Amino acid sequence: MAALFQETLKNDYPQKESKIMFTQTFLGACLLTLISCADPQYANLSNNPQKNQDDKIGTCVAKFSSGICLNYTWEKLPTENDFGILNFKTFIKNSAANNIELIDLPIEPSIVLWMPSMGHGSSPVTIEHIETGIYRATKVFFIMSGSWQIRFQLKDRNEIKDQIIIPFNF
Amino acid sequence: MKSKIKSSSHLIFKFYWIISWLLVQFLFIATPQKSFAASCCGGGFAAPSLIVGDDQAQITNSISYNHIIDDVGTDSLWHKRKSNEINATIKIEAAHILSGKYLSNRFLSDRWQLGFSLPIISRSRADQTSSGLGDVAGTIGYEYLPDWDYNPWRPRGLGFLILTLPTGRSVNESETAYQLDSRGRGFLALGAGTILTKIINKWDVFSSIEVHNSFKKKYSNSQSSGTLNPGFGTNFGFGVGYNLDVVRLGSGISWSYEDAVDVTGTSSSSGSAQRFATASISASYLFEHEWATTINYTDQTIVGSPTNTSLSRGVNILVQKRWLR
C-alpha cells in the first residue's frame with residue numbers, strides 16, 4: 001500500500017481532471033453556502049408561561065393512580081431571570097357530599113422540571129409542606145424557553161411509585 | 001506493470017476525490033469547532049489540535065466569549081433569550097508529529113501525529129458563576145494524502161481519530177441553579193474524520209468531516225437518576241482564506257448534528273435530535289515566522305436550520321506557536 005502511494009505521487013496526474021473535480025467541489029460548496037441562510041421563525045411573544053388556568057378549589061387538574069387529585073396555582077410565575085413559586089393542593093373528591101377533603105400524599109412529593117426534547121431537567125425545586133394537603137414549591141426555574149413537563153413524583157428511594165406529568169410551555 | 005500501477009494510482013486518487021466531494025455535499029454533518037489560525041506566505045492554516053501544514057509541532061492558547069442569543073425548540077420556533085448568559089473558555093491545544101524514534105518505519109513516522117485539547121470553561125448567568133474543566137479530547141492523525149509534489153489541484157488529506165472524555169459535567173448531572181456547573185456533553189465519545197486542505201496562490205481552502213458515537217452512561221443527581229443513551233453525531237464544514245503577506249482573512253461554515261438522547265430511569269424521555277450551523281470570519285497575523293495570532297467571530301444565528309438547541313454569538317482570540325520540521 002505504501003509503495004502504491006509512492007507510485008501515486010510519482011505519476012503524472014491528469015491535472016485537467018483534477019482541476020475539474022476541484023472546481024465542481026468548490027462550486028458545490030458555494031451553492032451550499034448560498035442556500036444555508038437561516039430563516040428564523042420567532043415564537044409569538046404573547047404565548048408566555050401560562051398560569052394555571054383553573055384555580056377554583058375542587059377542580060382536579062390531574063389525578064394520581066391512588067385517586068388523589070392535584071390542583072396547582074402559580075403564586076409567582078418564573079421568568080428567565082427569576083425563580084417562580086408554585087402552590088399545589090392534594091385532595092379527594094367526595095361526590096356524595098359535593099365537597100373535597102384535603103389529604104396528604106402517602107409519600108413526600110418531589111417535583112422534577114423536565115424538558116423531554118432535550119432529555120434533561122432544570123434547577124432543583126424545593127417543596128415545603130404547609131399544612132394537610134397543601135404544599136409550596138419554591139425555586140421553580142426553567143433554564144431555557146421551550147416545552148417542559150412539571151412532574152409531580154412520589155418516590156421511594158429511587159423508585160417512582162406514582163407520578164403526574166403536566167405539560168408547561170415556557 | 002508500470003501502466004497497471006499508473007491506473008491503480010489514478011483509481012486511488014479518484015476514489016479519495018469522489019469521497020471528499022460526496023462528503024462536502026452532505027448537508028447536515030458538521031465539523032468540531034476548531035478555530036483556524038493562519039500562517040501566511042502560502043503556508044495555509046492549522047486546526048489547533050491537528051497539524052495540517054509542514055510543521056513539526058504546535059501549541060495554541062485561546063480565549064473565547066460566547067453569548068447565548070436564542071433557544072430553538074423541536075418545532076423550529078426561535079425564542080429570544082432575555083437572560084444574559086455568557087460562556088468564557090480558555091483552551092490549550094497542542095499537536096506533535098511522531099518522529100522516527102517512536103515508530104520503526106521512518107518513512108511513515110512523520111505522517112502520524114498526536115494532539116490534545118484541554119478547555120477550562122466559566123459560565124455566568126444573573127449573579128452566578130461556575131468554572132471548571134470542560135470535555136478533554138485527544139486526537140491521533142495520519143496524513144494519508146501528502147502534498148510532496150505540490151500538485152496544483154490535489155488536496156492534502158489528513159485523517160484522524162478523536163476521543164472525547166466526559167470531564168465536563170453533563171447537564172443531566174447538574175445540581176446548581178441555571179445548571180452552570182455543566183460544562184460538557186458528559187459522554188465518552190469516539191470519532192473519526194478527515195480534513196482536506198489546499199493552497200492555491202494566495203488562497204487556501206479546507207473541508208472537514210467527522211462522525212462520532214457517544215456511549216451510554218448512568219447518571220444521577222438530586223432530582224433524577226437513570227441511563228442516558230446518546231447516539232451518533234456528525235460535523236461537516238468548509239472554508240476559505242486569503243493571504244496578504246503576513247495577514248490572512250478567512251471565513252467558514254460548519255454544520256453540526258447530534259442524535260436524540262434517550263433517557264430511561266426515574267425521568268424518561270426519548271428526546272429529539274439537535275442541529276445547528278456556525279458561520280465564522282477570522283483575521284490572522286503572523287508576527288514572527290513561527291508565531292501567529294487570530295481573532296475569530298462566530299455566529300450561529302445566521303445560517304442553517306437549527307432545531308432543539310441554543311444559539312450563540314462569540315469572539316475568539318488565539319495565539320499559536322509552531323515549530324518547523
Side-chain angles (χ1 to χ4, degrees), chain A residues 2-5 7-15 17-19 21-22 24-26 28-29 32-33 36-45 79-83 110-125 139 141 143-147 149 151 153 155 158-160, chain B residues 5-6 8-10 12-13 17 20-21 24-25 27 70-71 73-74 76-83 107-108 126 146 148-149 151-154 171-172 175-179 198 205 207 222-225 228 238 253 260-263 266-267 269 271-272 277 301-306 308 310:
Chain A
L4 207 53
F5 267 115
E7 285 303 317
T8 300
L9 299 173
K10 285 179 193 168
N11 288 327
D12 184 17
Y13 273 100
Q15 291 197 5
E17 190 180 358
S18 307
K19 186 176 176 181
M21 286 193 281
F22 181 89
Q24 283 176 342
T25 304
F26 185 75
L32 204 58
T33 305
S36 292
C37 292
D39 181 24
Q41 304 288 330
Y42 280 94
N44 187 342
L45 292 178
T79 66
E80 281 202 30
N81 294 312
D82 289 325
F83 294 102
S110 58
I111 290 178
V112 173
L113 307 174
W114 189 259
M115 193 172 202
S117 63
M118 290 273 201
H120 64 70
S122 188
S123 302
V125 173
K139 293 190 176 179
F141 185 79
I143 59 166
M144 59 190 293
S145 299
S147 299
Q149 292 173 346
R151 298 184 172 192
Q153 295 179 336
K155 281 196 289 194
N158 277 333
E159 188 186 345
I160 295 185
Chain B
I5 294 173
K6 193 171 182 177
S8 301
S9 306
H10 290 162
I12 291 172
F13 169 63
W17 195 259
S20 306
W21 187 87
V24 163
Q25 302 309 313
L27 188 59
D70 294 298
D71 297 305
T74 52
S76 296
L77 286 179
W78 295 39
H79 303 260
K80 266 281 182 231
R81 181 75 79 95
K82 296 188 185 82
S83 63
F107 172 72
L108 287 176
W148 294 334
D149 64 348
N151 185 289
W153 296 108
R154 188 187 68 241
V171 66
N172 301 87
E175 292 283 11
T176 63
Y178 309 127
Q179 297 186 332
K198 191 66 199 167
V205 292
S207 176
S222 60
Q223 303 174 76
S224 62
S225 59
L228 304 170
F238 60 85
I253 299 181
V261 178
D262 183 44
V263 185
T266 57
S267 292
S269 59
S272 294
T301 65
I302 58 174
V303 290
S305 177
N308 198 29
S310 298

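The sequence lines fix the lettering, A, B, ..., with proteins before strands; numbering per chain opens at 1. What you are looking at is a predicted structure, and each value in this text was computed from that prediction instead of being measured.
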- Query: What's the shortest heavy-atom distance between B/Lys80 and A/Tyr42, and which atoms?
  - Reply: NZ-OH, 3.3 Å

- Cut-off 4.5 Å, heavy atoms of chain B, and the answer for A/Ser145 is both

- Turns out that what part of B/Ser225 lies under 4.5 Å from chain A's heavy atoms comes down to side chain

- Task: Please work out which of the three classes, parallel, tilted or perpendicular, describes the rings of A/Phe141 and B/Tyr178, given edges at 30° and 60°.
- Result: perpendicular

- Tell me, for A/Ser117 versus chain B, whether the close heavy atoms (under 4.5 Å) come from the side chain, the backbone, both or neither. both

- With a 4.5 angstrom heavy-atom cut-off, could you sort out which part of B/Ser267 is near chain A: side chain, backbone, both or neither? both

- Task: Sort out for me which of B/Pro306, B/Gly271, B/Ala277, B/Ser76 touches chain A most, counting heavy-atom pairs under 4.5 Å.
- Result: B/Gly271

- Message: Let's test your reading of the structure: which of B/Gly304, B/Ala260, B/Ser224 forms the most heavy-atom pairs below 4.5 Å with chain A?
- Response: B/Gly304

- Query: Between the main-chain N or O of A/Val125 and the side-chain N or O of B/Gln223, is there a donor-acceptor pair closer than 3.5 Å?
  - Reply: no

- Query: What's the shortest heavy-atom distance between B/Gln179 and A/Ile143, and which atoms?
  - Reply: OE1-CD1, 2.7 Å

- Under the 3.5 angstrom rule, does the side chain of A/Asn81 hit a backbone N or O of B/Ala126 as a donor-acceptor pair? no

- Could you tell me which of A/Met115, A/Met144, A/Gln149, A/Lys155 has the largest number of non-hydrogen atom pairs under 4.5 Å with chain B? A/Met144

- Looking only at A/Gln153, A/Lys139, A/Glu159, the option with the highest number of non-hydrogen pairs under 4.5 Å against chain B is A/Gln153

- Message: At a 4.5 Å cut-off on heavy atoms, which part of B/Asp262 comes close to chain A: side chain, backbone, both, or neither?
- Response: neither

- Based on non-hydrogen pairs under 4.5 Å, which of A/Pro124, A/Pro116, A/Gly146 is most in contact with chain B? A/Pro124

- Atom pair OG (A/Ser147) and CG (B/Asn308), whose distance is rounded to the nearest 0.5 Å: 10.0 Å

- Distance-minimising heavy-atom pair for B/Thr266 and A/Ile160: O-CD1, 2.6 Å

- A/Glu80 and B/Lys82: which non-hydrogen atoms are nearest, and at how many Å? OE1-N, 2.6 Å

